[in-house]
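Just so it is clear, the structure is predicted and the values come from calculations on it, not from any experiment.
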Amino acid sequence: MNASWKNLRADFPILDQRINGQPLVYLDNAATTQKPRCVIDALVRYYERDNANVHRGIHTLSIRATAAYEAARERSAKFLNAGSPAEIVFTAGTTDSINLVAHAWGDENLKKGDVILLTEMEHHSNMVPWQLLARRTGAKLRYLPIVPGDTGLLDLDQLSSVLTPEVKIFAFTHVSNTLGVINPAADLCAAAKKVGALTVIDAAQSAGHLPLDTRAIGCDFLAVSGHKMCGPTGVGVLYGRAPLLDNMPPYRGGGSMISSVEYFESKWAPAPAKFEAGTPNIADVIGLATAMDYLDGLGREAIARHDEKLAAHAYARMATEVPGIRMLGPAQHRSGVISFALPGAHAHDVVTLADRDGIALRGGHHCNQPLMRKLGLPSTARASFYLYNTEAEIERLIASLQKIQKFFAE
Amino acid sequence: MNASWKNLRADFPILDQRINGQPLVYLDNAATTQKPRCVIDALVRYYERDNANVHRGIHTLSIRATAAYEAARERSAKFLNAGSPAEIVFTAGTTDSINLVAHAWGDENLKKGDVILLTEMEHHSNMVPWQLLARRTGAKLRYLPIVPGDTGLLDLDQLSSVLTPEVKIFAFTHVSNTLGVINPAADLCAAAKKVGALTVIDAAQSAGHLPLDTRAIGCDFLAVSGHKMCGPTGVGVLYGRAPLLDNMPPYRGGGSMISSVEYFESKWAPAPAKFEAGTPNIADVIGLATAMDYLDGLGREAIARHDEKLAAHAYARMATEVPGIRMLGPAQHRSGVISFALPGAHAHDVVTLADRDGIALRGGHHCNQPLMRKLGLPSTARASFYLYNTEAEIERLIASLQKIQKFFAE
Amino acid sequence: MHDLTDLYQTVILDHNRRPRNYRVLPTANRVGSGNNPLCGDEVTIYVELDGDRIKDVTFQGSGCAISQASASLMTLNLKGRTIPEAEAIAGDVLKLITSGDVKDDEFSDLSALAGVHQFPARIKCATLSWHAALNAVHGEPAPATTEKTSD
Amino acid sequence: MHDLTDLYQTVILDHNRRPRNYRVLPTANRVGSGNNPLCGDEVTIYVELDGDRIKDVTFQGSGCAISQASASLMTLNLKGRTIPEAEAIAGDVLKLITSGDVKDDEFSDLSALAGVHQFPARIKCATLSWHAALNAVHGEPAPATTEKTSD
Ligand SMILES: Cc1ncc(COP(=O)(O)O)c(C=O)c1O
Ligand SMILES: Cc1ncc(COP(=O)(O)O)c(C=O)c1O
């Protein structure tokens, strides 16, 4: 892997195209990121040379596929600084990872009177699985609020009043996909530990964007999507501390997750196999490991600095050069995600008009309906930056937003 | 798509390699099939040109990705002759599809005293999810036996005594992954309908191998793995009749499966979106649709004839030219899967030795532990044929098996 | 082709800026609502039905220019119509939005919606209020949604 | 390199064909079992422990040539040893199987297992009976498994 910041855009074949006659400016990275050539090549290489089912095979291709699949598990453990590869479960993505915890841990351990604590800025994927779990078990949901206003920061002054001993599990996002807020994950985990609550971190927007050390953070579970960190679609990771995974019942039943099967009962394999029923997404797991290599080649510290610098720059420029714009999230110390609202121009119209200028934005509720209601906005437009974005692209965004504003003001 | 039987092997890049000095003979198709170049190219094209998150996007890439993703749903509906694309749910594979039905349909509809009917030849993936469901609901499992002996055919004489009105759901495999038996799916569904039982067909070994018409078969649910039919790993299909899907609660919660979310409760989107929480496996869904085009280009009737002819030929040759071999499954009217046991040579040794000759076989219990116990075998070796296999490869298999037998007899 | 002014015609921009009949209708005896769960658009339609005739129709809601303008145009075009007439007009407009084919010039202002079909991601914005209006007129209690709802 | 005779050495083929001590041990006071869930190998080890010493050891089970031969060799090499001696031998053999390094010629017949390391898919076949034997000697009730078990 010889990723380098110089000529980095050339690593991403998709960026080299025109949209509506203009060079593509891809600013929808919070939805999904683009893939470097090395990740695409890893998929091709796998299918052209090594493709076979894993684990149960003794022939050469199967040995190769199994070795690559398990090497990806070790790579992921290193990427997240897990205690061992056995703490890495491959899933279909963040949503799947969170549902796994809610089912396998939650159904067994929650009961009426228990509380599931979330925050007001959670993505639907870190809210609906807990609503469903609450319905199944009789546990209650509770929310840590955000402070009034548009910074969207968590109201940490209220933490001690909501994080009470009835809280059995505290699930929160590391980075907000709408506000760009970076939450103090280690502090929240330490506070949860004090009341005996487990922690689940939604790292969809932080894995691949910031350094991410599960042991330093001290979380119990952490969920990741490959497609949001230069990896393929359809693959993700659940990190879980070994003693927890070891004691959880399985989620899905099927091949490979068993130790022995009889017609009327079965015994489970140990974690992580216990949670990986059926043929796994072998090629994409291997592609994800390649993405991890790529990101670490650039350095996650450097990526975080790059994103934050672009976002702070864009935030400042937009706030001053687009009159009347409403900016969400903090002005600094943030991730690369910026949501905003233009007076008189609905987010969908903003996105359609920006697309005419070759700029890919997202508009809507960003799977944050309750948060949007709280902010009093039906929707926002969102620009989200990643490693291949540039200051020149921010200039094109500003120019486009100014044009759009004029279009609707006329 | 201009797939053609002539030069078909050239469509599969992986086949053009040597294993231990010998040209690869890939006979592990029941575990996973190889991928034609067009499927690999579809993935590359997607990541190089169109990659974006689907559904919620308004910009050009997202429109392209959404259109391709939904076109794949229409393609899948056509492939399975579903009533409408809304009857197609994309999943991670057969195992995931079956777990979805067991959870979303089963938890809601089964109670103590109800019976789940399976057959003795089910794969762990069509057995363990039902064992888990039985545990959750108090329903009981029951099995339709196979006839004594090695053909492995279902004992249809016993059907009426096990398929009683307490049976609420009858889940069975269309084609056995160990025996090569093709079950009379339409007859079984008709019989189930008479007692009011729903049917779930495990089509892992039939989709992409035989013509498959859900409406002609008359099943309620049908589960498919992409990777076993020339498609990518990590993607599958659940077909479900619309009125059933419409009335089922969701399985996983998260983005895209909702109609509205509030902090304490949510409403679900209609099927199929209700069952596709989170970012789907977009690239692989598109790759799967390409695989369907490829298979239909060759013709599934023709593929079934090809597989059956090879299997019958191999069965006959093995039975006569490898003295003492124990052949499982029927001699004819079968799929391309052949399991066998060599006296004095354990299946693992057979597979390791065949691999030295460049031949990829599988050895073990094939995720059929209870069936193997019933047959009195700890394991078998398995050769499974698919569209790219040839009679010349069968000659190499026979020669290798004869050599192996000698090796252990010496 | 695909020119932005195809989508944002003057008529649309005008109706977006000054939506007609944007208010609650106190005399309404039918209400229909609609939402697009994927992007959050919401609309409520108020109808005063006098026998077979739509005596008055108004709307409220939030959404993009296309959805606001389409709802505004809808109120102007359905007011005073009988139910069968309204159904026929709605049918023609829905066809127009998805195909872009303007049948003849019987649609005056409504033909401004013809450009929408070139923007597949925006079609649902334009059709939502029409579905919600039909629901109101038919006394359908479930909200119209671009995706149908269940819970 | 990777030659088949590395894996299937004459010693191995011989022990597979005529496994030594393949029987239930009526005088056993310790039993250990092991299985490989991925491929279905199963082994049971019977040990007669006399104080600190393995007075006798036998096995039964099903599995490939490697696993049968390895179990057979295990019984020959552990019989008569003290527990610490058995632990040391087992430790060396497990290292030998995974690394292929023959320390010196203190291993006579056991060095036949050195070729296994070149066949990663077969390493578990060779190690299973040794783990099960250690379990028996240590009075560990859970079966040894190549994957550890839970339920
Ligand atoms: C008959 C049968 N059912 C189910 C499965 C499970 O499929 P998957 O592992 O793709 O989920 C397989 C394959 O392993 C199979 O052969
Ligand atoms: C904060 C956050 N959590 C969870 C998710 C869900 O991730 P996925 O759709 O990959 O499962 C997303 C992305 O959509 C997200 O931004």
Identify which of [options] forms the greatest number of heavy-atom pairs closer than 4.5 Å to chain B.
options	answer
A/Gly358, A/Gly364, A/Pro250, A/Ala277	A/Ala277
A/Ile359, A/Asp50, A/Asn281	A/Asn281
A/Ile98, A/Thr279, A/Val44	A/Thr279
A/Thr95, A/Val128, A/Thr233	A/Thr233
A/Val235, A/Asn29, A/Asp96	A/Asp96
A/Pro370, A/Ala204, A/Gly236	A/Pro370

Pairwise distance [atom1]([X]) to [atom2]([Y]) - rounded to 0.5 angstrom:
X	Y	atom1	atom2	answer
A/Leu61	B/Asp28	CG	CG	8.5 Å
A/Tyr46	B/Ile14	OH	CD1	7.5 Å
A/Met257	B/Cys367	CE	SG	11.0 Å
B/Leu132	A/Arg252	CG	CZ	12.0 Å

pair A/Ser62-B/Arg362: side-chain heavy atoms closer than 4.5 Å: yes

Within-4.5 Å side-chain heavy-atom neighbours: A/Val39 and B/Tyr47: no

Interface moiety of [X] toward chain A, non-hydrogen atoms closer than 4.5 Å:
X	value
B/Asn53	both
B/Glu120	both
B/Arg64	side chain
B/Leu15	neither
B/Pro232	both
B/Val350	neither
B/Gln34	both
B/Glu262	both
B/His348	both
B/Leu141	both
B/Asp41	neither

Top contributor to chain A interface from B/Val261, B/Asp355, B/Val351, B/Ile282 [non-hydrogen pairs under 4.5 Å]: B/Val261

Choice from B/Trp130, B/Phe12, B/Tyr26, B/Phe264 maximising heavy atom contacts with chain A below 4.5 Å: B/Phe264

To check you understand the geometry: which heavy-atom pair defines the closest contact between [X] and [Y], and what is its length?
X	Y	value
A/Ser125	B/Gly255	OG-N, 3.0 Å
A/Ser266	B/Gln131	OG-OE1, 2.5 Å
A/Leu361	B/His59	O-CD2, 3.0 Å

Heavy atoms from other residues, nucleotides or ligands near CD of B/Glu265 exceed 12 (cutoff 6.0 Å): no

Greater than 12 external heavy atoms within 6.0 Å of B/Lys374's NZ: yes

Whether B/Tyr251 and A/His103 hold their rings parallel, tilted or perpendicular, with breakpoints at 30° and 60°: tilted

Whether B/Tyr143 and A/Tyr263 hold their rings parallel, tilted or perpendicular, with breakpoints at 30° and 60°: tilted

Side chain A/Asn99, main chain B/Gly253, donor-acceptor under 3.5 Å: yes

B/Thr60 vs A/Asn20, side-chain contact (heavy atoms from CB on, under 4.5 Å): CA-CA, chis, key distance, verdict: CA-CA 9 Å; B/Thr60 299; A/Asn20 294 316; 3.8 Å; yes

Among A/Thr33, A/Ile40, A/Thr32, the one residue meeting side-chain contact (heavy atoms from CB on, under 4.5 Å) with B/Asn51: A/Thr32

Basic-acidic side-chain contact under 4.0 Å: B/Glu48, A/Arg37: yes

Step-by-step side-chain contact (heavy atoms from CB on, under 4.5 Å) determination, B/Ile258 to A/Met127: CA-CA 11 Å; B/Ile258 55 92; A/Met127 189 175 289; over 6 Å; no

